[in-house]
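What you are looking at is a predicted structure, and each value in this text was computed from that prediction instead of being measured. Per chain, numbering begins at 1; letters A, B, ... match sequence-line order.
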Amino acid sequence: MNELQGWLLDVYADEKHGLVLWIIDQDGARRQLQQTFPVTFYAAGPFARLREVWQFIKDHPIVAITEREQRRDLFSGQRDVLTIEVANAVQQPQLFHDVIRRFPDLDYYDTDIPLAIRYAAKHDLFPLGHGRFLIDEANNIRELEALESPWQLEISTPPLKILTIEPDSNPQHAPPRSILIGSQASKIRIPVRPFRSLLLSIRASLKRHDPDLILSHWGDTWLFPRLLQFCNDEGITYFNPNRDQERQAVQRGENSYFTYGQVIHRGRQFHLFGRWHIDRRNAMMFSEYGLPGVLEQARVTGLPVQEIARKSPGAGVTAMQMQTALRQGILVPHLKQQAEQFKSVAELIRADRGGLVYQPLIGLHRNVAEIDFISMYPGLMVHFNISPETVGVQGENTRLIPELGIPVDQAREGLVPATLRPLLAKRLAIKEQLAGLERRDCRVNSLKARAAGLKWLLVVCFGYLGYKNARFGRIEAHEAVTAYSRDVLLSAKETAEDLGYQVLHMYVDALWVKHAEETKAGGVRQLMGEIAARTDLPIALEGIYRWIVFLPSRLDNRIPVPNRYFGVFEDGSLKTRGIECNRHDTPPFIAKTQLRVLEKLAALPEHQPLRSALPDVIGLWRQSVADLRAGRLPLQQLLVTQRVSRPSDEFRTPSPAARALAQLANSGKQRHPGQRVRFIYTRGAPGVYAWDLPTAPDPTAVDTARYLELLVRAADTILRPLRVKEERTRSCLLSNAYQQELPFTRH
DNA sequence: TACAGTCGGGG
DNA sequence: GTGTACGACTGTA
């Protein structure tokens, strides 16, 4: 027997060993351990049918132990179930597949829980967690003990070895010529051709550095598939990028899926065993919170690093709920693959009422404070015990949901609040720690990334409550949250008005207020204290704006739109929402000019009227107009980027993006739903030129008039609130005679 | 004018 | 292996 301590890198099932664990031990050695880990799932239904299942399993070649038990279903309470325990975890999916095919009429539970989640729930050991292991001579784990909790703030950090791999171009656009391979110690550049020597170089790098993580650009979609294809074609067997040399890397196919109201495309994936591979270009959230955020999510969700890196945070939330359920002995229902179904009219009307959206007071306001509720929706779920199994349940101790009058059972903490409580607490603790650090402290970046990783888990958990395909979702719980949020925001509004503030705007979890006399930090603190006391929810001061503009609708300038605004905080920093520079389909030069204009306005001395900057501002726009007309702008600056929602042949109207997509398809460049197309507007038919076509667009074909119109619109967004009419803006920007008749005087 | 298609936002 | 629903806006016919 041998004792060792170390960090968990990875867990997976194996035909031979049952469960395989990779750890970094106290001496920095990477070790492969094994463990016996039987896995259980459940069937429920009429007694006679369960008896048939029992008989079926007895005769099945996969070894399993069955037992009759009572377990708790979250919604229907105690149920009689048939417990099926599979000796080797790797065989569980196969056995379940055979059982459900033979007995499709029964209810099943705990059928599709990721192995790492089962492991975390059973042993409290999670990816990157520190533990103590007692092992025998054959590296079998006999005993183990977790030495840290995913919820502690200070984390023990394993000494990870990282190898970065980066081609010199995006393979989707141009074939890379060389690859940069980097480690802590060195950086080397290797030519892509000849391919065999590239393969040998990568193999040598892997041998020399033995990385825990290969962090690549386009490793999923380009490099590794190419390398493997080459090995296949040439009959090469000596290349295996896994640390577990008995395993072959797993490839998963590309897919498109619907989320966040849009279609996302995910390229094929390339997963390794014993070490991780993350393709940062195929891990859609990577740019949001980076490696520290991904690792933080792996810790708290229990999902393997390679999985959580590529998945949406929704998968992480589900994993956390599964862990809670496993720990509390609650059955996890099998997820039926149900097609997206249409909502009934009744459902539509009911679901219609979301978060509170107020009509802002259009125009320019000075000295405005913005107060935000921190993680409001998750906070409400925890505070009011909102969970699918507590909403609508009348018990000894219930609370009524405002407006809806539906009871919420308070007798025991719900599954969703129980899952979120530590997550919320940890994010708040990290934010508190951040507030106490100097801006240049070396811990700041990683703490921020970790907080962002946690934030995204919290953000999506609300959506999951109302999601039909979620395990623990229920529309009434979803509505309860929005009902409470409206109530809380209205109560904050009353509080503000009681203290002499005018409420200019409210939006879901934020309110903008202005004091009748003067909005001052001290007064706002007092207001916040009062709001916090009345609502018992955490709030934060987003900032005090020197000035802020709430924009009207472009189609009717009497109608305010709730989420189009821009403003400048006291420290001179900008905040903009919903305007051209925020949109991903705005050509870069237009977005840049608009931002530069806003920075010019932000730089004005505190009490100077914004109109005094008009000559400078018009000058900036005119410069942009002149650059465009003279053809001085690089064509990249004119690119419009849009995400397409469907294949080329399914477009019913030939929108610019659809025409660009068709051009690409004609030249053999496939774009899938969820991928982006880039194009420039050109004169005449077809009006666009796709950027990634084999030949570069003709610079003289640029549809200058169209870009000028886009510029005028972006200028109008900023200038209209400064009392410059759109026609005036157009003539100021486009007229050659402008210099002679300066319309705005300098002060 | 109706319809089709994309974007934002959370933070 | 995938939050929702919706309004604003633009471009096409």
Side-chain angles (χ1 to χ4, degrees), chain A residues 112-114 252 255-264 266 269 288-289 303 307-308 310-319 335 337-340 343 347-355 357 372-378 427 431 448 451-452 454-456 458-471 473 475 478-479 481-482 507-510 540 542 551-556 559-564 575-580 582-586 640-646 650-659 661 674 676-677 681 687-688 706 709-710 713 717:
Chain A
D112 49 5
I113 299 174
R252 298 195 194 157
N255 61 345
S256 295
Y257 57 92
F258 185 78
T259 177
Y260 278 66
Q262 58 187 354
V263 179
I264 299 283
R266 181 159 48 207
Q269 306 176 25
E288 291 281 343
Y289 37 68
L303 281 175
E307 300 286 340
I308 192 72
R310 292 173 176 84
K311 280 188 172 143
S312 95
V317 170
T318 304
L335 188 63
Q337 288 296 344
Q338 50 190 5
E340 191 70 30
K343 284 194 166 183
E347 273 180 311
L348 266 177
I349 290 166
R350 221 178 24 178
D352 195 27
R353 310 208 52 195
V357 175
D372 295 354
F373 286 88
I374 305 171
S375 290
M376 182 194 230
Y377 285 1
R427 172 152 186 260
K431 292 202 91 162
K448 274 190 176 166
L454 298 175
K455 176 194 75 187
W456 276 99
L458 290 165
V459 165
V460 302
C461 71
F462 165 68
Y464 259 61
L465 266 187
Y467 179 39
K468 255 199 269 352
N469 289 349
R471 306 296 158 132
I475 193 68
H478 192 267
E479 288 167 10
V481 174
T482 53
Y507 191 84
V508 184
D509 60 354
E542 172 78 355
L551 288 165
S553 160
R554 277 186 63 82
L555 301 175
D556 183 343
I559 298 177
V561 292
N563 226 9
R564 271 165 62 83
K575 179 167 177 177
T576 67
R577 288 295 180 269
I579 66 174
E580 285 77 5
N582 294 97
R583 295 179 60 108
H584 292 300
D585 58 351
T586 302
V640 176
T641 306
Q642 285 190 332
R643 196 191 284 271
V644 288
S645 62
R646 62 201 71 204
E650 285 179 23
F651 276 90
R652 276 176 282 188
T653 43
S655 67
R659 295 195 299 258
L661 196 65
R676 293 184 174 85
V677 308
Y681 287 118
V688 296
R706 184 154 202 169
E709 187 51 34
L710 294 177
R713 262 186 228 157
T717 299

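Side-chain atoms of A:R564 never come within 3.5 Å of backbone atoms of A:I579 as a donor-acceptor pair (strictly under, hydrogens ignored). For A:T586 (side chain) and A:E580 (main-chain N/O), a donor-acceptor pair under 3.5 Å exists by modelled atom type. A donor-acceptor pair under 3.5 Å links the side-chain atoms of A:R659 to the main chain of A:P654, judged by distance alone.
Summarising the geometry, atom OG1 belonging to A:T482 is positioned 11.0 Å from atom CE belonging to A:M376; distances are rounded to the nearest 0.5 Å.
Straight-line distance from the CZ atom of A:R427 to the C1' atom of B:dG10: 10 Å, rounded to whole Å. If you take CG of A:N563 and C1' of C:dA8, they are 11 Å apart, rounded to a whole angstrom. In this structure, A:I579 places its CD1 atom 15 Å from C1' of C:dC9, rounding to the nearest Å. Atom pair A:H478:NE2 and C:dA5:P shows a separation of 8 Å (rounding to whole Å applied). Put simply, CG on A:L458 is 15 Å from P on C:dG3, counting in whole angstrom units. Protein atom CZ of A:F462 is 15 Å distant from nucleotide atom C1' of B:dG11, rounded to whole Å. As rounded to whole Å, 9 Å separates atom P of B:dG11 from atom CE of A:M376. One can place NZ of A:K455 at 16 Å from P of C:dG3, the figure rounded to the nearest angstrom.
Of the listed nucleotides (B:dG11, B:dG8, C:dC9), B:dG8 has the atom at the smallest distance from the side chain of A:R583. Of the candidate nucleotides C:dA8, B:dG5, C:dG1, B:dG5 has the atom nearest to the side chain of A:R646. Looking at the side chain of A:F651, the nearest of the listed nucleotides C:dG1, B:dT6, B:dG10 is B:dT6.
If you check every strand for non-hydrogen atoms under 4.0 Å, A:R252 touches nothing. Residue-level contact check: A:T641 touches the backbone only, with heavy atoms under 4.0 Å from sugar-phosphate atoms and none from bases. Heavy atoms of A:D372 sit nowhere under 4.0 angstrom from any nucleic acid atom. Counting any heavy atom pair closer than 4.0 Å across all strands shown, A:V644 reaches sugar-phosphate atoms only and no base atom. As judged by a 4.0 angstrom heavy-atom cut-off over every strand, A:E307 is placed among residues making no nucleic acid contact. Residue A:H584 is in sugar-phosphate contact alone, with no base atom involved, counting any heavy-atom pair closer than 4.0 Å across all strands shown.
Dashed line: the shortest gap from a side-chain N or O of A:R266 to OP1 or OP2 of C:dT2 is under 4.0 Å. The shortest distance between the side-chain N/O atoms of A:S312 and the OP1/OP2 oxygens of C:dG1 is not below 4.0 Å. Look at A:R652 and you'll find a side-chain N or O under 4.0 angstrom from OP1 or OP2 of B:dG5.
The side-chain contact (heavy atoms from CB on, under 4.5 Å) check on A:S655 picks up A:F651, A:A657, A:A658, with sequence neighbours excluded. Partners of A:D112 according to the salt bridge (Lys or Arg N to Asp or Glu O under 4.0 Å) rule, which considers only residues two or more places apart in sequence or in another chain, are A:R471. For A:E288, the side-chain contact (heavy atoms from CB on, under 4.5 Å) test picks out A:M285, A:W456, with sequence neighbours left out. Residues passing the ring-ring contact (aromatic ring centres under 6.0 Å, His included) test with A:Y377, sequence neighbours excluded: A:F462.
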With 3.5 Å as the limit, what N/O pairs link the protein to nucleotides 10-13 of chain C?
from   : atom 1 : to     : atom 2 : distance (Å)
C:dT10 : OP1    : A:R554 : NE     : 3.2
C:dG11 : OP1    : A:R706 : NH2    : 3.3
C:dG11 : OP2    : A:R713 : NH2    : 3.0
C:dG11 : O5'    : A:R706 : NH2    : 3.4
C:dT12 : OP1    : A:R659 : NH1    : 3.1
C:dT12 : OP1    : A:R659 : NH2    : 3.1

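Stem analysis of DNA chain C (at least three stacked-register Watson-Crick or G-U pairs, each with both distances under 3.5 Å) gives B:1-8 with C:6-13.
Residue A:Q642 places no side-chain atom within donor-acceptor reach of the base of B:dG5, judged by atom type and a 3.5 Å distance cut-off alone.
The nearest pair of heavy atoms linking A:L303 to A:A315 is CD1-O, 3.7 Å.
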